[in-house]
Amino acid sequence: MSLSSLLMGGSYVGMTSFFTVAFLLVFLPTCIILYTLMPQKAKKYFLLAASVGFYWLISGTLVVYLFLTTISIHYFGIWLDRIHRQRDEAVKAAEKPERKAIKHAYLLRSRWVLLFAAALHIGTLLTLQYAPFFTRNVNSLLGHMGLSLQLEIPKYLLPIGISFFTMQAVSYMFDVYRETIKSDENLFRLGLFMSFFPQIVEGPICRYGQTAEQLWNVKGITFSNLTLGIQRILFGMMKKMVVADRLNPLIETVFSGYKDFQGGVIAIAAVCYTVQLYMDFSGCCDIVLGAARILGYDLIENFNSPFEARSFNDFWRRWHISMTGWFRDYVYFSLGGSRCAPWRHYLNIVIVFLCSGLWHGADWRYLAWGLACGLCAAFGAMTAKARKKLEKFNPLYRQAWLKAVCQVTITDLLFCGTLVFFAAALYNADPFAIYSSMLQGWNGLAGSWHQVQQMLLDCGIDGRLPVVLLFGTFVVLAVEHGGRSVTRWIREQVWPLRWTLYYAAAAAILFFAAFGQSAFIYRQY
């Protein structure tokens with residue numbers, strides 16, 4: 001098979017995601033057993049082979065992208081480190097007046113290497129993700145201009161998780177350039193960092209300094225890690241299968257035919273979509289962290305009770321932490337961060353969120369979502385001091401608990417409102433028409449709730465399901481309150497309650513489960 005055919009197409013084979021019997025009951029248990037039986041020195045190589053094998057099972061021949069990315073950053077890192085050593089030797093041998101000019105010359109050289117490396121990897125990602133989108137828009141523009149010329153739309157298969165491992169690759173090169181880490185001359189260790197199977201598909205986006213040595217210095221499986229990992233996986237499955245997937249019929253029905261529903265129903269669907277996205281993505285992260293924990297590794301947390309945030313900027317410090325941290329460290333700070341004129345500071349915030357929208361998908365609606373979030377965040381930063389001074393005049397803020405409730409509610413509703421762009425992209429709808437419909441035809445929440453229940457019955461779904469979903473959502477948010485560790489919280493409970501939770505979660509999963517029927521939402525990114 002030629003390289004061009006690998007890049008232009010391929011078929012996904014085997015497992016489709018973590019959310020399959022093949023992964024949860026075959027691949028992961030087999031991996032755990034073999035990992036336990038392996039000699040200590042062979043464990044890391046087995047883990048590398050298992051990770052590459054997992055990615056091949058879900059991506060087929062598109063695994064070539066992972067190979068090329070890993071080999072590329074390996075040599076780019078060595079190149080940057082060589083420039084740093086040459087600089088140090090030249091500075092040491094030079095007279096003091098010459099040292100500044102020498103450092104500047106080598107800095108320019110390393111910047112060009114970094115620029116070339118980043119452009120290569122980010123350019124590959126943008127080509128695969130945006131070339132068809134760009135071509136379609138050019139063709140549309142040509143058509144509006146009355147020209148018959150139409151460009152051929154390229155067809156690429158986007159490798160699963162390419163956005164995540166590309167960001168890891170770029171962060172590695174930036175960190176070597178900034179000399180916060182040394183380049184890794186061991187290709188296998190770097191390959192394990194890039195391909196570690198629990199997190200390659202949907203994150204979290206790990207940094208080399210956080211995980212590479214931890215992965216390479218294997219610890220083995222202990223009974224404590226096994227139980228903690230299983231608890232975390234079980235909790236993630238409950239979020240996904242009991243809450244997120246059960247919300248899907250309501251959300252899909254409303255956003256696909258929003259013109260047929262009153263504003264209250266659309267508003268309820270928007271709130272439900274926010275809950276679904278959180279349960280889906282954080283549930284996936286729970287499975288990832290649980291699987292890593294079983295093997296003895298601690299990956300970074302990706303969520304920290306975001307719905308308890310009291311400002312929009314605080315929300316984004318708690319939601320998808322690894323992604324927002326990446327954009328903060330490698331985009332926001334590179335643009336100057338807050339260490340510049342106020343207007344530049346606010347513009348930097350907007351640019352960061354636009355990049356986030358661009359990262360999520362090739363669609364104007366994702367860019368509009370990024371712009372909306374950026375404007376909200378910039379406005380929040382711009383007015384932070386003024387709002388703090390005005391708080392004492394707000395009668396609702398005289399009680400600390402009422403102030404907290406108001407701030408949390410406003411923040412959550414603001415985030416929920418921006419996600420209409422996200423949902424519109426997912427269901428190929430007009431976001432502005434959805435906003436317009438949301439403001440019309442209100443019959444009160446009671447009437448809207450009745451219409452939701454009737455709609456569920458028409459879809460063949462038990463009308464009592466909303467009660468189950470509300471209870472499930474309440475349990476999840478209560479357990480995660482204050483950013484507490486789920487497994488630690490469970491471990492602290494008395495044994496009757498602890499085992500009741502285990503059986504209840506297992507029963508709920510078995511009752512609501514539909515293995516393999518739906519993929520994780522963030523898998524497409």
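Since the model is a prediction, treat every value here as computed from it, not as a measurement. The first residue of the sequence shown is numbered 1, and numbering continues consecutively from there.
Looking only at distances, no side-chain donor or acceptor of Thr383 sits under 3.5 Å from a matching main-chain atom of Ala386. Between the side chain of Ser171 and the main chain of Gln168, a donor-acceptor pair closer than 3.5 Å is present. Judged by distance alone, with hydrogens and angles left aside, the side-chain atoms of Arg365 form a donor-acceptor pair with the main-chain N or O of Ala429 at under 3.5 Å. The backbone N or O of Arg136 lies less than 3.5 Å from no partner atom in the side chain of Ser140, so there is not a single donor-acceptor pair. Between the side chain of Asp286 and the main chain of Ile233, no donor-acceptor pair closer than 3.5 Å is present. Remark: side-chain polar atoms of Arg328 are not paired, donor with acceptor, to backbone N or O of Gly337 under 3.5 angstrom. Although no hydrogens or angles enter the test, the distance criterion places a donor-acceptor pair under 3.5 Å between the side chain of Tyr55 and the main chain of Ile160. Under a 3.5 Å cut-off, the side chain of Thr324 and the backbone N or O of Trp316 do form a donor-acceptor pair. Between the side chain of Tyr130 and the backbone N or O of Gly361, at least one donor-acceptor pair lies under 3.5 Å. Judged purely by atom type and a 3.5 angstrom limit, Ser356 has no side-chain atom pairing as donor or acceptor with the backbone of Val352.
Applying the 6.0 Å contact sphere to OH of Tyr427 captures more than 12 heavy atoms from other residues, nucleotides or ligands. For Phe379, the CZ atom counts as loosely surrounded, since its 6.0 Å shell holds 12 or fewer non-hydrogen atoms of other residues, nucleotides or ligands.
Classified by interplanar angle (parallel below 30°, tilted 30° to 60°, perpendicular above 60°), the ring pair Phe27/Phe23 is parallel. Between Phe312 and Phe353, the angle of the ring planes lies from 30° to 60°, which puts this pair in the tilted group. The aromatic rings of Phe281 and His320 stand perpendicular to each other, their planes meeting at an angle above 60°, with 30° marking the opposite boundary. The aromatic rings of Phe54 and Phe197 sit tilted relative to each other, their planes meeting at an angle between 30° and 60°.
Among all heavy-atom pairs drawn from Asn313 and Ala381, the shortest one is ND2-N, 3.6 Å. Among all heavy-atom pairs drawn from Thr411 and Gln407, the shortest one is OG1-O, 2.8 Å. Contact detail for Ile205 and Ser322: the closest heavy-atom pair is N-OG, 3.0 Å.
In this structure, the ring pair (Phe, Tyr, Trp, His ring centres under 6.0 Å) partners of Phe174, at least two apart in sequence or on a different chain, are Tyr330. In this view, Phe432 and Phe421 satisfy the ring pair (Phe, Tyr, Trp, His ring centres under 6.0 Å) rule, not counting sequence neighbours.
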